[in-house]
Amino acid sequence: MSRIGKKPVPIPKGVEVLIEGQVVSVKGKLAELKRDFHPAIGIQRDGDSLVLAPREGGGRQEKALWGLARTLLANMITGASEGFTKKLEIVGVGYRAAVEGKSLKLALGFSHGVEFAIPEGIKVTVEKNTSITVFGADREKIGQLCADIRRKRSPEPYKGKGVRYVDERIKRKEGKKK
């Protein structure tokens, strides 16, 4: 049994959920999200919450998909009503970021600038040239954009320079000994 999958997903006020077979649409004040779920998972509305259950005769994979589907559905509802935020910080002399139109421009110590197109439905803001805040309704898109930004110059272990999440701790190494 999935401990996560057993929990019902509450639907807050102001959020509309429409179930059409395996396709679930969630509409809130921030966005409208839609996802097609695996056929091994049954989704039903029970008052002001959603209940998920694996189909009869399901094996180990169906039980794993049960917990995943519940988490994805909960993220859709939270994203449509409240949204998600991730923060990145840039550490290093001369490293900086700026938002210009629909793109994020980064100076990360390369001979050229690095530019990212900001996907539709995501808002990126930069404070003090070194702090990047990514906000949006789709948790997967936000996480992927932050991972792509971090991958361009991940923090190195000697001086800690690079792009990292605000709550991330970098294990530092000692340099060469004389």
Holding to side-chain hydrogen bond (donor to acceptor under 3.5 Å, both in side chains), I want the full list of residues that pass it with [X], two or more places apart in sequence or in another chain.
X	answer
Glu168	Arg150
Glu174	Lys177
Ser25	none

Quiz item: Tell me the side-chain hydrogen bond (donor to acceptor under 3.5 Å, both in side chains) pairs involving residues 69-84, sequence neighbours left out?
Solution: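 Qualifying pairs: Asn75-Arg139.
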
Quiz item: What do you reckon, is NZ of Lys102 surrounded by more than 12 foreign heavy atoms closer than 6.0 Å?
Solution: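 It does: Lys102 NZ has more than 12 such atoms within range.
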
Quiz prompt | CD/Gln44: more than 12 non-hydrogen atoms of other groups inside 6.0 Å | solution =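 No - once you tally the heavy atoms of other residues, nucleotides and ligands closer than 6.0 Å, there are 12 at most.
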
Quiz item: Between Leu52, Val17, Leu33, which is the residue that forms a side-chain contact (heavy atoms from CB on, under 4.5 Å) with Leu73?
Solution: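 Looking at Leu52, Val17, Leu33, the match for Leu73 under the side-chain contact (heavy atoms from CB on, under 4.5 Å) is Leu52.
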
Taking ILVMFWY side chains as joined if any heavy atoms are under 4.5 angstrom apart, and letting links pass through other members, which residues group with [X]?
X	value
Leu30	Phe135
Val166	none
Ile170	none
Val134	Phe84, Leu88, Ile90, Tyr95, Val99, Leu104, Leu106, Leu108, Phe110, Val114, Phe116, Ile118, Ile122, Val124, Val126, Ile132, Ile142, Leu145, Ile149, Val163, Tyr165

Quiz item: Under a 4.0 Å N-O cut-off, is there an ion pair linking Lys105 with Glu115?
Solution: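 Salt bridge present between Lys105 and Glu115.
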
Would you please name every residue forming a salt bridge (charged side-chain N to carboxylate O under 4.0 Å, His left out) with [X], sequence neighbours left out?
X	result
Arg96	none
Arg164	Glu89
Arg151	Asp148
Lys123	none

Quiz item: Do the side chains of Val26 and Met76 get nearer than 4.5 Å, heavy atoms only?
Solution: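 Counting from C-beta outward, Met76 and Val26 do come under 4.5 Å.
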
Quiz item: Would a hydrophobic clustering, with Ile, Leu, Val, Met, Phe, Trp and Tyr connected at side-chain separations under 4.5 Å, put Ile19 with Ile41?
Solution: yes

Self-check item: Donor + acceptor pair across side chains of Glu127, Thr125 (<3.5 Å)
Solution: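 Judged by distance alone, the side chains do pair up.
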
Quiz item: Is the backbone of Lys128 close enough, under 3.5 Å, to the side chain of Ser131 for a donor and an acceptor to pair up by distance?
Solution: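 Between the backbone of Lys128 and the side chain of Ser131 there is no qualifying donor-acceptor contact (under 3.5 Å).
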
